[in-house]
Structure formats: C-alpha cells, structure tokens
Amino acid sequence: MIYLDGFLTSEEQAHLQSITKDTFSRSAVADNTGIQGQRQTRTSQSTSVVRDDIVRCIEERALLFQGFDTPRANLEPLQLVKYGKGERYHFHTDWFTNAAHASSAIGGNRQSSFFAYVSAENITGGGTNFPMVTPPHDARWCAFIDCDEPWENGVTFRPVVGNAVFWSNLLDDGTGDQRTLHAGLPVTSGSKLGMNIWTRQGPLSEDIRGKD
Ligand SMILES: O=C(O)CCC(=O)C(=O)O
Ligand SMILES: [Fe+2]
C-alpha cells in the first residue's frame, strides 16, 4: 500500500463537490451472485463523476502514478462516495469475487484502487480500516492513521482531506489479494466525502467509461 499526502488540491476538492452536487443516490453493491442492489452493508450515497478538464487531470495523475503503460481506457469513471452520520461500508474487497463481474469483455478485475478523501466536515469516525495490514510503528504516522486503534485491528486511515491511499488488489497471477479487505468505518458525527479511482486489468468500453 502507498499513502499519498496531497493527492488532490483544494481547488480540485471544491470542483469535485460542485460538479456532483445533487447527483448522489444510494450506493449499490454486487452480491455473491453478481447482482447489484442496495444493501445494509453499504449505506453511503455515491455518484459517478462526469469528465471535464479538471477530472481528466486527476485521471491522468492516477494513471501516471501506475507507470507509463496503463491505458486510460482501463480506468473506471471516478466515483464519489458520501457518508452522513451512522453511514458506513462494511468489510469488502474492491476486486470482484464473482468471475462474471471480472470478465475480459468488461475490463477484467480491478487491478488497483485509490481511495481519496475529498471532504470531511466536523468528522468523528469514518476512517478506512484494513484489518489484515500491519500498522507501521513510527509515531509520525499518527497524523494519518488512528494510533488509538488496537494493534490487532490492523490499520485505520483517518479521513485527511486531500490525501489518498493506493493499493494493488490483485496478486501477480491475477487472483484477488485477501489482504486488501477493508471497510469504511461508521461516521459517528459530521460527514465525509471520498473518491474511488479503480483501474481495471484491461480496457472498458466507451458505454461504461463515457466519452474521453
Ligand atoms: O469510505 C471508505 O473509507 C472506504 C470506501 C470504500 O472502500 C469503497 O467505496 O470501496
Ligand atoms: Fe473499497
């Protein structure tokens, strides 16, 4: 996993908020049969970000971070996720456990994830917890991770606005890495806005990605 301090500028944070205003709806999740629906396990609201020059610039940053060889067509549309008090996303992996969801016709599986914090107003709770990741020792990390979390709970990233966490979802053989299990912990007060940037193994069609 890689922690990114200052992944989004404050102008980008404000822009993402303004272009997605009033576009959020209750987040869907696929169940183990691959069917999308609303679940108690994900109570947030989400929206897909429509591309403009600033969004393209963020997409380009996410692609270049992964090297020169990641094609733009492998990126899913950016997704914003909004949580109010009591809302959360239970433990899950971003990679699909159902093969039907990861077929090459639809870009394969999710190779990598960025989760960026776009806004956090008067927030308590709402960290991103990775129970199978060993917490780092250096106290400087306490600005970014919850150092009060019991060691056996793994790592909880605090929702620090502008920052992002990056990780690879798949092992070298293309199978899902179980250690990427994570949750958006309940927001106990205030609100949180996050952003998912998912890169697929292969290209997505234009009807999924939208026009470049
Ligand atoms: O809200 C979070 O901290 C994590 C959200 C998440 O994992 C997701 O939307 O896939
Ligand atoms: Fe996730």
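Both counts, for ligands and for their atoms, begin at 1 and track the order of listing.
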Query raised in the report: Is it true that the side chains of Thr124 and Ser189 contain a donor and an acceptor less than 3.5 Å apart?
Result: yes
Requested in this report: Would you mind listing every salt bridge (charged side-chain N to carboxylate O under 4.0 Å, His left out) that reaches into residues 160-177, with sequence neighbours excluded?
Outcome: Asp177-Arg179
Query raised in the report: Between Phe166 and Phe65, how do the two ring planes meet: parallel, tilted or perpendicular, split at 30° and 60°?
Result: perpendicular
Query raised in the report: Is it the case that more than 12 heavy atoms not belonging to Asp138 sit under 6.0 Å from its CG atom?
Result: yes
**Report entry** the Fe ion (ligand 2): protein N, O or S atoms [distance under 2.8 Å]
**Finding:** His92 NE2, Asp94 OD1, His182 NE2
**Report entry** Spacing of CD belonging to Gln45 relative to CG belonging to Leu80, to within rounding of 0.5 Å
**Finding:** 12.0 Å
Query raised in the report: Heavy-atom count around Asn122 CG within 6.0 Å, excluding the residue itself: above 12?
Result: no
Report task. Quick one: which residue pairs count as a ring pair (Phe, Tyr, Trp, His ring centres under 6.0 Å) with a foot in residues 192-212, not counting sequence neighbours? Result -> none
Need the list: ligand 1 N/O atoms against protein N/O atoms, distance under 3.5 Å, rounded to one decimal.
unit_1	atom_1	unit_2	atom_2	d
ligand 1	1 (O)	Tyr83	OH	2.6
ligand 1	1 (O)	Lys192	NZ	2.8
ligand 1	3 (O)	Thr128	OG1	2.5
ligand 1	3 (O)	Lys192	NZ	2.8
ligand 1	7 (O)	His92	NE2	3.1
ligand 1	7 (O)	His182	NE2	2.9
ligand 1	9 (O)	Arg42	NH2	3.3
ligand 1	9 (O)	Asn196	ND2	2.8
ligand 1	10 (O)	His92	NE2	3.1
ligand 1	10 (O)	Asp94	OD1	3.2

**Report entry** Least distance between heavy atoms, Ile145 atom then Pro136 atom
**Finding:** CD1-CD, 3.5 Å
Report task. Determine whether the aromatic ring centres of Phe157 and Phe130 lie less than 6.0 Å apart. Result -> yes
